[in-house]
Amino acid sequence: MAPNRWIYSAGTGFATPYGEKWSKTTPQAILEWTQSDALFLYATVARGFKGGGFDDTPANIAQSVTSYDPETATNYEIGFKANLLDRRIRLNADIFTMDYENLQVTQTNAACLCNITDNAASAKIKGVEAEFEFLASEYLRLSLGGSYVDATYKDFIESAINPSTGQRLNSSGNRLQRTPETQLSAGIDVAVPVGSLGNALKFSLNYSWQSDLFWATDNVAKEKSYGLLDARIGLAPTDANWAVAIWGKNLSDELYRTNIISFFGEEVSQFGTPRTYGIDLSWKF
């Protein structure tokens with residue numbers, strides 16, 4: 001039964017031709033400077049383009065033949081890549097700002113339980129990201145990474161109606177949906193010598209964290225911040241053609257959602273994978 005069955009009865013529907021064509025020139029300019037083997041700097045300006053399209057679950061013929069517009073983005077970015085202490089330290093970082101025009105925003109509409117894509121008039125994303133890796137010794141590697149993103153709709157009057165005012169919903173100034181402000185990751189990799197097997201015993205521990213996010217453009221439904229811890233212990237002799245490892249993911253059994261659909265005052269949620277563990281066996285031949 002179609003989810004929009006109150007518009008078209010079960011087993012019925014419609015057929016209609018539809019189509020559209022878009023094209024865009026997307027220039028890019030890059031300035032690079034290799035100061036030395038240890039330091040590389042760059043700056044870039046680029047114009048991006050994403051074609052328009054049609055809603056995948058239209059409720060009627062009018063919606064099925066009405067396309068949403070392409071989106072364009074202009075990105076400005078500067079950054080550097082550095083290798084220090086005889087390449088034992090790697091440090092990469094950049095700052096960026098992106099100006100979106102006609103940003104495509106897809107949401108599930110409660111009235112028809114169908115996906116509707118709007119073009120937000122404009123949006124701005126700016127942020128900074130960095131990654132650090134340190135080879136402390138032959139047996140120990142440390143890594144750390146993170147990003148901060150300020151992403152807001154600059155001007156967005158939606159097609160959806162605000163039930164409290166009867167007016168079209170104004171999401172201007174709201175944070176972009178499904179976009180956490182802060183993301184962090186850290187990892188430790190340890191190799192342990194095992195006699196004639198070389199550095200065969202390997203341990204790795206990885207943690208990732210993200211701040212809260214809003215599921216929709218109205219910035220009402222929110223997912224709280226959460227972190228995931230993964231670990232792996234493996235035995236892989238240097239000259240052997242076999243390896244074995246045991247692993248665990250989401251070891252703290254964090255409860256988090258990967259998607260929600262809000263309608264009629266309720267939410268349907270999809271949850272992330274709970275604590276899982278297993279064993280890997282490999283053989284090369």
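Numbers here are sequence positions counted from 1.
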Worksheet item: Is there a path from I246 to V192 through hydrophobic residues (I, L, V, M, F, W, Y) whose side chains come within less than 4.5 Å of each other?
Response: yes
Fill in: Connected via hydrophobic side-chain network under 4.5 Å: I233 and L142
yes
Worksheet, complete the sentence: Shortest non-hydrogen pair, R178 vs L213, comes out as CA-CD1, 4.1 Å
Worksheet entry | Which atom of D69 lies closest to which atom of Q104, heavy atoms considered | O-NE2, 3.1 Å
Discussion item. If the condition is side-chain contact (heavy atoms from CB on, under 4.5 Å), which residues does R232 pass it with, not counting sequence neighbours?
Written reply: S204, A245, W247, D280
Fill in: Within 6.0 Å of OH in Y76, more than 12 heavy atoms from elsewhere
no
Practice prompt. Evaluate the side-chain proximity of Y68 to D118: yes if any heavy-atom separation is below 4.5 Å, no if none is.
Written response: no
Worksheet item: Between N83 and R88, does any side-chain donor sit less than 3.5 Å from a side-chain acceptor?
Response: no
Practice prompt. Could you please spell out the steps behind the salt bridge (charged side-chain N to carboxylate O under 4.0 Å, His left out) verdict for K222 and D212?
Written response: CA-CA 7 Å; K222 178 187 285 190; D212 59 25; 3.6 Å; yes
Discussion item. If I compare all heavy atoms of S64 with all of F14, which pair ends up nearest, and what's the gap?
Written reply: OG-CE1, 3.6 Å
Worksheet item: What about M98 and I30, same hydrophobic cluster or not, with Ile/Leu/Val/Met/Phe/Trp/Tyr joined at side-chain heavy-atom distances under 4.5 Å?
Response: no
Response to the item:
Sequence neighbours excluded, the answer for ring pair (Phe, Tyr, Trp, His ring centres under 6.0 Å) partners of F54 is Y18
Fill in: Pairing of E223 and R257 as salt bridge, 4.0 angstrom limit
yes
Practice prompt. Could you label the plane-to-plane angle of the F132 and F134 rings as parallel, tilted or perpendicular, counting under 30° as parallel and over 60° as perpendicular?
Written response: tilted
Worksheet entry | Short side-chain donor-acceptor distance under 3.5 Å, E71 and N119 | no
Worksheet item: Quick one: does T152's side chain get under 4.5 Å of N174's, heavy atoms only?
Response: no
Fill in: Enclosure of D239 CG (heavy-atom neighbours >12, cutoff 6.0 Å)
no
Worksheet item: Distance-only, no hydrogens or angles: does the S172 side chain make a donor-acceptor pair with backbone N or O of F156 under 3.5 Å?
Response: yes
Item to complete: State, with a plain yes or no, whether a side-chain heavy atom of N199 is found less than 4.5 Å away from one of E138.
Response: yes
Worksheet item: Take atom NZ in K126; do more than 12 heavy atoms of anything else shown fall under 6.0 Å from it?
Response: no
Practice prompt. Give a yes or no on this: more than 12 heavy atoms of other residues, nucleotides or ligands lie within 6.0 Å of atom CG of L140.
Written response: yes
Discussion item. For residues L39 and I78: do they belong to one hydrophobic cluster (side chain heavy atoms under 4.5 Å, members Ile, Leu, Val, Met, Phe, Trp, Tyr)?
Written reply: no
Discussion item. Within the 4.5 Å heavy-atom criterion, are L41 and E32 side-chain neighbours or not?
Written reply: no
Practice prompt. For D37, look at atom CG and say whether over 12 heavy atoms of other residues, nucleotides or ligands are found less than 6.0 Å away.
Written response: no
Practice prompt. Return the set of residues passing side chain to side chain donor-acceptor pair (under 3.5 Å) with N92 (not counting sequence neighbours), or none when no residue passes.
Written response: E131
Worksheet item: Is it the case that more than 12 heavy atoms not belonging to F271 sit under 6.0 Å from its CZ atom?
Response: yes
Worksheet item: Of the non-hydrogen atoms in Y207 and G227, which two are nearest, and what is the gap between them?
Response: OH-CA, 3.5 Å
Worksheet item: How far apart are the closest heavy atoms of P274 and D253, and which atoms are they?
Response: CB-OD1, 3.5 Å
Worksheet item: Residues two or more places apart in sequence or in another chain: which of them pass ring pair (Phe, Tyr, Trp, His ring centres under 6.0 Å) with F96?
Response: none
Worksheet item: Who passes side chain to side chain donor-acceptor pair (under 3.5 Å) against T117, sequence neighbours left out?
Response: T106
Fill in: Distance-only polar pair, side chains of Y42 and E77, donor-acceptor under 3.5 Å
yes
Worksheet item: Is K202 atom NZ crowded by more than 12 heavy atoms from other residues, nucleotides or ligands, each under 6.0 Å away?
Response: yes
Discussion item. With a 4.5 Å cut-off on side-chain heavy-atom distances among I, L, V, M, F, W and Y, is there a chain of contacts connecting Y153 to I125?
Written reply: yes
Fill in: Donor-acceptor contact below 3.5 Å, side chain S137 vs main chain Y139
yes
Fill in: Partners passing side-chain contact (heavy atoms from CB on, under 4.5 Å) against A243 (at least two apart in sequence or in another chain)
A236, S282
